[in-house]
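Take a look at the structure set out below.
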Amino acid sequence: MKQWMGVPVASALLLSACVTINVYFPAAEAKQAAKEFVEKVINDADKVQIKEAPSGGGGGMVMQTPRARFDVAGLDPWVLLGIGSAQAQSAPDISIKTPAIQAIQSRMESRFSSSLRAGFDSGALGFTSDGLVSLRDPSKVELKDRVALNTAVADDNRDRKAVYREVAVANGHPEWEEQIRGVFAKQWISSARAGWWYQSGGAWKQK
């Protein structure tokens, strides 16, 4: 009977640790996902670096993270409580391959090519610090084209807000929306081409 005395305490500790893992925001993975999304939208997908694990020849080294083990009277609580699978599911991974996300990406890519790119090239448009697009200098746009450009900007901002929300929801963490938005906001600016404008500290700057 004594060998079971430590199981409830061990269970509580392990469950607590599992909760901590589940709420961890994978910033590096989110940044990579944002880069892939953004570069495709602005038609530069060929510059996205895809990391692949080495294969064949035995020349590569595969690193595995050992599973934590906490024995209580010879028992493995991970097996006893079935937490091993929960821990595996919490491994950092940000997916942008859902039909909803890809549909938004396709719309944004088409809109960028047909309407927004010219606005960025002319200096009329800029990326805001909160992940949106703004008409920063209307004088750069001919009067006859302003209504169409304003409409394109409004549509794009609607899709931007939708994709930040969708990425968070699709990855099982709606509470990550603001963090996802922040990562994407930095990536739009990072991916901006020379001469394009972006917002920083409340002021407009040119790359």
Side-chain angles (χ1 to χ4, degrees), residues 25-51 92-142 144-200 202 204-207:
F25 178 69
E29 288 74 14
K31 182 177 180 180
Q32 181 63 24
K35 181 178 181 180
E36 182 181 342
F37 185 98
V38 169
E39 292 289 346
K40 189 173 190 305
V41 168
I42 61 178
N43 291 323
D44 208 6
D46 59 324
K47 289 188 178 180
V48 178
Q49 297 180 352
I50 304 298
K51 297 180 180 178
D93 181 28
I94 296 293
S95 173
I96 56 172
K97 299 300 184 183
T98 69
I101 294 173
Q102 291 186 314
I104 297 173
Q105 185 180 44
S106 180
R107 289 199 303 269
M108 292 179 66
E109 184 180 1
S110 176
R111 187 183 301 116
F112 201 91
S113 296
S114 64
S115 304
L116 302 183
R117 181 183 297 280
F120 278 99
D121 288 342
S122 70
L125 301 179
F127 291 118
T128 67
S129 57
D130 60 351
L132 301 179
V133 173
S134 176
L135 182 60
R136 55 166 293 276
D137 190 351
S139 68
K140 301 287 186 180
V141 185
E142 291 187 32
K144 65 182 180 62
D145 296 326
R146 288 183 190 176
V147 172
L149 186 58
N150 275 318
T151 299
V153 168
D155 290 343
D156 206 64
N157 283 336
R158 191 158 41 244
D159 274 341
R160 285 165 179 266
K161 293 175 182 177
V163 81
Y164 304 149
R165 180 173 60 253
E166 187 61 34
V167 170
V169 171
N171 285 279
H173 288 277
E175 73 277 11
W176 284 354
E177 182 178 344
E178 284 304 310
Q179 289 166 289
I180 292 291
R181 181 170 180 158
V183 171
F184 269 75
K186 291 178 180 178
Q187 188 60 51
W188 289 112
I189 294 172
S190 177
S191 295
R193 303 298 179 251
W196 291 5
W197 290 80
Y198 65 96
Q199 204 173 47
S200 176
W204 288 104
K205 297 182 180 181
Q206 190 175 28
K207 288 196 80 171

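The first residue of the sequence shown is numbered 1, and numbering continues consecutively from there.
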Check: [Y] main-chain N/O paired with [X] side-chain donor or acceptor under 3.5 Å:
X	Y	value
Ser114	Ser110	yes
Arg136	Trp204	no
Asp156	Ala152	no
Ser113	Glu109	yes
Asn157	Val133	yes
Asn150	Arg146	yes
Asp159	Met108	no
Gln206	Gly195	yes

Listed partners of Tyr198 passing ring pair (Phe, Tyr, Trp, His ring centres under 6.0 Å), at least two apart: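 Counting only residues at least two positions away or on another chain, Tyr198 forms no ring pair (Phe, Tyr, Trp, His ring centres under 6.0 Å).
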Name of the residue among Leu125, Val147, Leu149 meeting side-chain contact (heavy atoms from CB on, under 4.5 Å) with Val141: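 That would be Leu149.
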Worked check of side-chain contact (heavy atoms from CB on, under 4.5 Å) between Trp197 and Asp137: CA-CA 10 Å; Trp197 290 80; Asp137 190 351; over 6 Å; no
Derivation of the side-chain contact (heavy atoms from CB on, under 4.5 Å) call for Leu132 and Arg181: CA-CA 9 Å; Leu132 301 179; Arg181 181 170 180 158; 3.5 Å; yes
Shortest non-hydrogen contact between Ser95 and Val167, atoms and distance: O-CG1, 4.5 Å
Closest heavy-atom pair and its distance - Lys205, Ser200: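 Residues Lys205 and Ser200, closest heavy atoms: NZ-OG, 3.8 Å.
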Any Val163 side-chain heavy atom under 4.5 Å of Ile96 side chain: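 Of all side-chain heavy-atom pairs linking Ile96 with Val163, none is under 4.5 Å.
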Ile42 side chain near Arg193 side chain, heavy-atom distance below 4.5 Å: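 Yes - at least one pair of side-chain heavy atoms lies under 4.5 Å apart.
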Is any side-chain N of the basic residue among [X] and [Y] closer than 4.0 Å to the acidic one's carboxylate O?
X	Y	answer
Arg107	Asp155	no
Glu177	Lys161	no
Arg117	Asp121	no

ring-ring contact (aromatic ring centres under 6.0 Å, His included): pairs with one or both residues in residues 148-169, sequence neighbours excluded: Tyr164-Phe184
First locate atom [atom1] of [X], then atom [atom2] of [Y], and finally report the distance between them rounded to the nearest 0.5 Å.
X	Y	atom1	atom2	answer
Ile94	Phe25	CD1	CZ	5.5 Å
Gln32	Gln187	CD	CD	8.5 Å
Glu142	Lys144	CD	NZ	4.5 Å
Ile104	Arg158	CD1	CZ	11.5 Å

Side-chain H-bond candidate by donor/acceptor type, Ser191 with Glu39, under 3.5 Å: yes
Verdict with supporting geometry, Trp196 and Ile189, side-chain contact (heavy atoms from CB on, under 4.5 Å): CA-CA 9 Å; Trp196 291 5; Ile189 294 172; over 6 Å; no
Lys207 NZ: over 12 foreign heavy atoms closer than 6.0 Å: yes
Chi angles and distances behind the side-chain contact (heavy atoms from CB on, under 4.5 Å) call for Trp188, Arg160: CA-CA 11 Å; Trp188 289 112; Arg160 285 165 179 266; 3.1 Å; yes
Parallel, tilted or perpendicular, as decided by the 30° and 60° cut-offs, for the rings of Phe127 and Phe112: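 The arrangement is parallel - the two ring planes meet at less than 30°.
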